[in-house]
Amino acid sequence: MGCRGACAPRTQYRTGTVAQAMMTDRVQINQLADHVGAEVTLAGWLFGQRKGGKVIFLLVRDGTGLCQCVVSADTESAFANATTLTQESSLRLSGLVRQDDRAPGGYEIAVTAVEPVQLADEYPITRKPHGIDFLMNHRHLWLRSPRQTAILRIRHRLIRAMRDFFDQRGFTLIDTPILTPGAAEGAGTLFPVDYFGDEVYLAQTGQLYLESAAMALGKVYCFGPTFRAEKSKTRRHLTEFWMIEPEIAFAELPDLANLAEEFICALVHAALTDCRAELETLERDLEPLQRIQAPFPRITYSEAVERLHSDALHEQLEAALTADRERLNAWRAELEQTEAERAAARKGWQQERLDRTLHQLRERIRELEADLQNRPLHIEQAKQFAWGKDLGGDEETILSRQYDRPVIITHYPRDVKAFYMKPDPNDPRVVLNLDVIAPEGYGEIIGGSQREEDADALLARIDAEEMTPDSYQWYLDLRRYGSVPHGGFGLGVERTVAWICGLRHIRETIPFPRLMGRLTP
RNA sequence: UCCGGCGUAGCUCAAUGGUAGAGCGGGUGGCUGUUAACCACUAGGUUGUAGGUUCGAGUCCUACCGCCGGAGCCA
């Protein structure tokens, strides 16, 4: 990946007069603590600056961190170069590393030479707040902000943890096709693609292919993008997202639930162990994450429905509603007071600070108001939830708020689930499936099941759903040549990242989100 | 597809139906320790588009466009 100091091309330092002064080692900002007292070279971009008459503070970022670099007017050439720098200009600089409590991060560089690489045009993203539309339109630049780089690092760490988890347990990575004929499930949610005159679709799961690989290798997983053409416009949806799916031969539902539980614990552990600084940047409350430990509560769909109907739950929901209404009133009072302060404020910076507070406060109030308006309806719907319907987002949220860790819900009604799920031998109305609902309202992050391994039963399901058996002959073959109990699940990478990072919206979890009505950049 | 909200300077937002403003960002000048620095000056607008009501519309009405949130559907 990144080019560390040792492999930086030396030839670049031999051009230009300023560059000649830079004979020192190139280091990354996150390694500065190891170079106190040494003369080093940084290469990066100007994140911000503050100018005094005879001193300039450059805030430089290099992808590993931020460093304050102090340029004194005594170093004439460096000072002259530094005055020309605009926000996000690329540069190299060298100087002495020293510890200083006044510097953000505790270390700074006393600059001896500055070499602008390119002077940036007026940069559209300032260090002040921006609206989401503006930021999304500048996603290619927005990625440079500390918050976004923190999210991208956590995403990377979690993806590594996902692959490590399966690799260490003897799973083999199988790449499944992205161009697929026909539909595994309803065709309305697929993106059609012209394939030499035929209509094919972008894959929405690798599962069917994975099942055949599981019969070859025992334990397999796939990891890749999936595509859903659903016209969803919510904070939990993307049209293109990444999913990791294990599939295991000779596995039954309890094995899958155990694996899912262990898997999620491993992911949270990786983030807590290796991404403390990033989580802090995001102001993620760590306490709910630290509680994520096995065993997770496991309930059946029928138990979940009973719970939705229970008086105890409804008393609890009403109490929460009352508490939140009081919270709203408190915020409104706070808003009024802040508005008065704002009206009285004379200094520009005071006004600016108060405006920021007001903005956040108004947003929070708007959000809670909408939530409070919807909630009585949701509570009512929960009370009247009919056995046989699929659990919706609201029901999931209500149920997951009962627990301080992910909840595993199993045995959903057969009619709302896919044809390949194996019915429960003890109650054929339900299937041997599992969903894992993340805490804190983040919704379903895992869905999976034990698969129907009997050829006749599977064919009957294909007929019942009025699907075309011809397109599934190869899939039925798996049940004709040494069929075994097997199953697997899929975990949505972005929803998991959103949960662990504590993000309001899934669009920040992926570098270039694809949403309904947004395809660029 | 349905419901709700918003659209004013490059950005974030103000503006009882009555002279379109502030902060940030840009430019110029000042300041040797700043912490999203500060101080002074300065440029910057067909108020999303098209109609309508009115003596007068950023503000009210209608349609359209765009964005945001939610429902449905889902990971």
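Labels below follow one simple rule: chain letters A, B, ... track the order of the sequence lines, proteins then strands, and each chain is numbered from 1.
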All ring-ring contact (aromatic ring centres under 6.0 Å, His included) counterparts of A:F223, not counting sequence neighbours: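 With sequence neighbours excluded, A:F223 shows a ring-ring contact (aromatic ring centres under 6.0 Å, His included) to A:W242, given in chain and number order.
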Min side-chain heavy-atom separation [X]-[Y] under 4.5 Å:
X      : Y      : answer
A:I125 : A:Y123 : yes
A:E494 : A:R155 : yes
A:L515 : A:M136 : yes
A:T205 : A:E245 : yes
A:Q49  : A:L59  : no

Under 3.5 Å donor-acceptor pair, A:R495 side-chain atoms to B:C74 base atoms: yes
Between the base of B:C73 and the side chain of A:S232, is one N or O donor paired with an acceptor at under 3.5 angstrom?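 A donor-acceptor contact between them is present.
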Can you tell me the distance, in whole Å, between the [atom1] atom of [X] and the [atom2] atom of [N]?
X      : N     : atom1 : atom2 : result
A:E88  : B:G25 : CD    : C1'   : 14 Å
A:H378 : B:G70 : NE2   : C1'   : 8 Å
A:M162 : B:A75 : CE    : P     : 16 Å
A:E396 : B:A71 : CD    : P     : 11 Å
A:F385 : B:G72 : CZ    : P     : 11 Å
A:M516 : B:G69 : CE    : P     : 12 Å
A:L141 : B:G25 : CG    : C1'   : 15 Å
A:F47  : B:G25 : CZ    : P     : 13 Å

Using the [atom1] atoms only, state how far [M] lies from [N], rounded to an integer number of Å.
N     : M     : atom1 : answer
B:U59 : B:C67 : P     : 22 Å
B:U49 : B:C65 : C1'   : 7 Å
B:G69 : B:G51 : P     : 32 Å
B:G58 : B:A14 : C1'   : 12 Å
B:C13 : B:U8  : P     : 9 Å
B:C3  : B:U54 : C1'   : 32 Å
B:A50 : B:A57 : P     : 15 Å
B:A9  : B:G29 : C1'   : 24 Å

Touch class at under 4.0 angstrom, heavy-atom based, for [X] against every strand present:
X      : value
A:H505 : sugar-phosphate
A:I446 : sugar-phosphate
A:G443 : nothing

Among the nucleotides B:G72, B:U34, B:A75, which one has an atom lying closest to any side-chain atom of A:E444?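 Output: B:A75.
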Find which nucleotide of RNA chain B each of A:R504 and A:E395 is nearest to by heavy atoms, and output the residue with the more 5' nucleotide.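 Its nearest nucleotide lies further toward 5', so the answer is A:R504.
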Residue whose nearest RNA chain B nucleotide is more 5′ - A:G490 or A:G517: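 Comparing both residues, the 5'-ward one is A:G517.
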Let me have the donor-acceptor pairs involving side chains of residues 144-154 of chain A, under 3.5 Å, with sequence neighbours excluded, atom names and distances please.
| unit_1 | atom_1 | unit_2 | atom_2 | d |
| --- | --- | --- | --- | --- |
| A:R144 | NH1 | A:E88 | OE1 | 2.9 |
| A:S145 | OG | A:W142 | O | 3.1 |
| A:S145 | OG | A:Q148 | N | 3.4 |
| A:R147 | NE | A:E508 | OE1 | 3.0 |
| A:R147 | NH2 | A:E508 | OE1 | 3.4 |
| A:R147 | NH2 | A:E508 | OE2 | 3.2 |
| A:Q148 | OE1 | A:R139 | NH1 | 2.9 |
| A:Q148 | NE2 | A:E508 | OE1 | 2.6 |
| A:T149 | OG1 | A:S145 | O | 3.3 |
| A:T149 | OG1 | A:P146 | O | 3.0 |
| A:R153 | NH2 | A:G63 | O | 2.7 |

Please check if the side chain of A:R61 supplies one atom and the backbone of A:G44 the other of a donor-acceptor pair under 3.5 Å.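 Side chain of A:R61 to backbone of A:G44: no pair is present.
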Has A:R414 got a side-chain atom pairing as donor or acceptor with A:V430's backbone, closer than 3.5 angstrom?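 No, because the side chain of A:R414 does not come within donor-acceptor range (under 3.5 Å) of the backbone of A:V430.
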Let me know which of A:Y221, A:F165, A:F296 forms a ring pair (Phe, Tyr, Trp, His ring centres under 6.0 Å) with A:F263. A:F165
Involving RNA chain B, stems made of at least three consecutive Watson-Crick or G-U pairs, both distances under 3.5 Å: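 Only these stems qualify: B:1-7 with B:65-71, B:10-13 with B:21-24, B:26-30 with B:38-42, B:48-52 with B:60-64.
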Under 3.5 Å, N/O pairs linking protein and nucleotides 27-33 of chain B:
| unit_1 | atom_1 | unit_2 | atom_2 | d |
| --- | --- | --- | --- | --- |
| B:C31 | N3 | A:K51 | O | 3.4 |
| B:G33 | O2' | A:R102 | NH1 | 3.2 |
| B:G33 | O6 | A:R98 | NH2 | 2.7 |
| B:G33 | N1 | A:E108 | OE1 | 3.4 |
| B:G33 | N1 | A:E108 | OE2 | 2.9 |
| B:G33 | N2 | A:Q68 | NE2 | 3.1 |
| B:G33 | N2 | A:E108 | OE1 | 2.7 |

Would you call A:R401 and A:E440 a salt bridge, taking side-chain N to carboxylate O under 4.0 Å as the test? no
Ring pair (Phe, Tyr, Trp, His ring centres under 6.0 Å) partners of residues 370-403 of chain A, not counting sequence neighbours, each pair once: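 Ring pair (Phe, Tyr, Trp, His ring centres under 6.0 Å) check on residues 370-403 of chain A returns A:Y301-A:W387.
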Is A:R236 close enough to B:A75 that one of its side-chain N or O atoms is under 4.0 Å from OP1 or OP2 there?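 No, no such contact exists.
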So A:F489 and A:F166, would you call those rings parallel, tilted or perpendicular, with 30° and 60° as cut-offs? tilted
Describe, in one word, how the ring planes of A:F134 and A:H138 are oriented to each other, choosing from parallel (under 30°), tilted (30 to 60°) and perpendicular (over 60°).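 Ring orientation of A:F134 relative to A:H138: tilted.
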Summarise protein proximity over nucleotides 3-12 of chain B in one line of letters, 5' to 3': B for base, S for sugar-phosphate only, - for none, counting protein heavy atoms closer than 4.0 Å. --------SS
